2 protein chains.
Amino acid sequence: MESRELAYFVAVAEELNFGRAAERLGMAQPPLSRAIQQLERRLGVRLLTRTSRRVELTPAGEVLLAEGRTALTALAAAEERARRAADPKLVLALKPGGDAGLLEKILARCAAEEIAVEPRFCAIGEQEGLLRGGEADVALLHLPYDEPADLATEVLLVDREIVLMPSTHRLADRTELSRADLDGEEVFEWTDECPAVGGPIRDTGQVGTLVALGQFVAVMPESFAEYVPPNLAAVPLTDGNTSTVVLAWPAESRSRELARFVRVAAGVTAPAAT
Amino acid sequence: MESRELAYFVAVAEELNFGRAAERLGMAQPPLSRAIQQLERRLGVRLLTRTSRRVELTPAGEVLLAEGRTALTALAAAEERARRAADPKLVLALKPGGDAGLLEKILARCAAEEIAVEPRFCAIGEQEGLLRGGEADVALLHLPYDEPADLATEVLLVDREIVLMPSTHRLADRTELSRADLDGEEVFEWTDECPAVGGPIRDTGQVGTLVALGQFVAVMPESFAEYVPPNLAAVPLTDGNTSTVVLAWPAESRSRELARFVRVAAGVTAPAAT
DNA sequence: CGGACCGATACTCTGCCGGTATGGAAAGCC
DNA sequence: GGCTTTCCATACCGGCAGAGTATCGGTCCG
């Protein structure tokens, strides 16, 4: 199967409309229709049921959509990694403010060890996609918020949780809180969708802004407290989950540079050994 | 990147010779040369260093070879799974004799539950490849011999190890053995390469034959003892590893049929509940 | 130095891919 | 019920990418 055909199919399967899919692909509708027909003929399976009114996926189509997406990202990843293999620079994906104050130290140590590292900031929860897409070599994740499905990981540090709220909040003066104290509050759990703004939260700054606006209070790892602006208050949560900051990378990665980086970066939080 | 281009590159990278690669691909050499050049131009990276005498991989080429292989199998898997999604039959990969006597019971129970299962026998260690290639839905593996990297697994049973030897062997009358007793013997560990026949062992029958010939004694899970022919003897190993028979399937699999199958098959070895 | 090997280049051709125009079925509307 | 809208399929056509043949040019070897 040609990857082009598969990309066409994925577009149609996602849009469930040949016209829109063709537009998205930057082509006319008739050749797209033909390409899909040809694909179905080659596979010997009907992928879509078309009425003149609507397009639906057959079971085989559902399967091809799911598997096809991963195959296409694998393809893009191969391309991207090959392109980036030319220079030894490692790309480290992290969310803004998501470095738990470690980034500076990590970069300093890497500079000393002559490991070229380029931090790449991305939206919350996007790190894994960057790894899979080959756009990043290694990422900083926060367990259990991020789910590092089949990634290899190395723990950097373990954090308590804090509650972020406006400094004018009724609980802002407390020295610590428990979950029970948050009863009746609108609580944002850091990876939730955010109904108030109608879209996913993509950025720590966004969280801070929304907390300041009184939309909700946010539960997040303590290490974020370093970035708390003066109009917000951070109070430790006594019975919160612990949050773990880990390095994560594709388990099948065998790069020597990456191995060196992980060793050096993990050393940043290790007990000092002179 | 087109999958065709990538397949071309993988062929060249594996052969390290444009002529042979072209032959393998069923095409002439010049268009292949051009395709690779074009790929290099598009990626902006040199993938191969060509002297007029030999072709070598650059670091970027190494990366693209590794990543490209997995991308191509992902593509083939998508195609194969979509094709097979048309009928609900589940393909169960196992090595001949590798079912620990469970296959009959599993198939019987599945028939009763109206789950269509088709066993597919393959060479030793090939189960994982079949799963990745989309040619099988679920496999029987023997831990720790098979390494189910990123597969989901369900334990069926735990086995001791036995030593398989000719019935005329000096140790054949023993009721049990320890590792130390095997000192001085040529021992085959079930997944080793087999220098005596110059290739990998692909079949349990092959192992039996070679043991009968006195090439070596073989250490393998006890459940294989059911198939021991009369000219061979099987003696339990007291300090052997335990071998675990597991069901394995791609972790990302979300098929309802597969879930039912795993439940039913796992029930075969569960303590009877009336 | 001549031949073998092997990849690159030059040139030609064909088939596929994509474009435009149009058909035709189903649903909505007055 | 006919008109319009929507949306996928078919008919037809043109251009270019990809494949083939012939040949060149560099390198190793005897």
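Order of the sequence lines fixes the chain letters, A, B, ..., with proteins taken first and strands second; residue numbering starts at 1 for each chain. Predicted, not measured: the structure shown is a model, and the values here were computed from it.
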Worksheet item: Can you tell me how far P of D:dA17 sits from CG of B:Leu39, to the nearest Å?
Response: 16 Å
Discussion item. Using only atom types and a distance under 3.5 Å, with no angle test, would you say the side chain of A:Glu40 pairs donor to acceptor with the backbone of A:Leu48?
Written reply: yes
Worksheet item: B:Glu5 has an atom CD; how far is it from atom C1' of D:dG18, in whole Å?
Response: 11 Å
Discussion item. Going by salt bridge (Lys or Arg N to Asp or Glu O under 4.0 Å), A:Asp137 matches just one of A:Arg132, A:Arg84, A:Arg254. Which one?
Written reply: A:Arg84
Worksheet entry | Base of D:dG20 paired with side chain of B:Arg34 (donor-acceptor, under 3.5 Å) | yes
Discussion item. Categorize A:Glu2 for me: base, sugar-phosphate, or nothing, with a 4.0 angstrom heavy-atom threshold over every strand shown.
Written reply: nothing
Discussion item. Using heavy-atom distances to pick each residue's nearest nucleotide on DNA chain C, tell me which of A:Gly26 and B:Arg54 is more 5'.
Written reply: B:Arg54
Worksheet item: Could you write out DNA chain D as a dot-bracket string, with dots for unpaired bases, | for bases paired across to another strand, and Watson-Crick or G-U pairs counted at under 3.5 Å?
Response: ||||||||||||||||||||||||||||||
Worksheet, complete the sentence: Whole-Å distance, A:Leu48 CG to D:dA9 C1', equals 14 Å
Worksheet item: Could you give the CD-to-P distance, from A:Glu23 to D:dC8, as a whole number of Å?
Response: 13 Å
Worksheet item: Is the backbone N or O of B:Glu113 less than 3.5 Å from a side-chain atom of B:Arg260, with the two atoms forming a donor-acceptor pair by type?
Response: yes
Discussion item. What is the separation between atom CG on B:Leu32 and atom C1' on D:dA17, rounded to the nearest whole Å?
Written reply: 16 Å
Fill in: Whole-Å distance separating the CD atom of B:Gln29 from the P atom of D:dA22
14 Å
Discussion item. Looking at A:Asn17, I'd like to know whether one of its side-chain N or O atoms comes within less than 4.0 Å of OP1 or OP2 on D:dC8.
Written reply: yes
Worksheet item: Any donor-acceptor pair under 3.5 Å linking the side chain of A:Gln127 with the backbone of A:Gly125?
Response: yes
Fill in: Interface limits on DNA chain C, where chain A has a heavy atom under 4.0 Å of a nucleotide atom
C:dC17 to C:dA27
Worksheet item: Does the side chain of B:Leu47 reach to within under 4.5 Å of the side chain of B:Leu65, using non-hydrogen atoms?
Response: no
Discussion item. I need the minimum non-hydrogen distance between B:Thr153 and B:Ala248, along with the two atoms involved.
Written reply: CG2-CB, 3.9 Å
Fill in: Contact check, side chains of B:Ile115 and B:Arg263, non-hydrogen atoms, under 4.5 Å
no
Worksheet entry | Main-chain N/O of B:Glu118 paired with B:Arg120 side-chain donor or acceptor, under 3.5 Å | no
Practice prompt. Dump the intermediate steps for salt bridge (Lys or Arg N to Asp or Glu O under 4.0 Å) on B:Glu14 and B:Arg69, then the final yes or no.
Written response: CA-CA 10 Å; B:Glu14 283 175 356; B:Arg69 274 191 188 129; 2.8 Å; yes
Worksheet item: Side chain of B:Glu79, backbone of A:Met1: donor and acceptor closer than 3.5 Å?
Response: yes
Fill in: Value in whole Å for how far the C1' atom of D:dC8 lies from CZ of A:Arg50
8 Å
Practice prompt. Name the residue closer to the 5' end of DNA chain D, choosing between B:Ala35 and B:Pro30 according to the nucleotide with the nearest heavy atom.
Written response: B:Ala35
Worksheet entry | Residue whose closest nucleotide on DNA chain D lies nearer the 5' end, A:Arg53 versus A:Pro31 | A:Arg53
Item to complete: Can you check whether any acceptor in the base of D:dA9 is under 3.5 Å from a donor in the side chain of A:Gln37, or vice versa?
Response: no
Discussion item. Rounding to an integer number of Å, can you tell me how far A:Glu15 CD sits from D:dC7 P?
Written reply: 12 Å
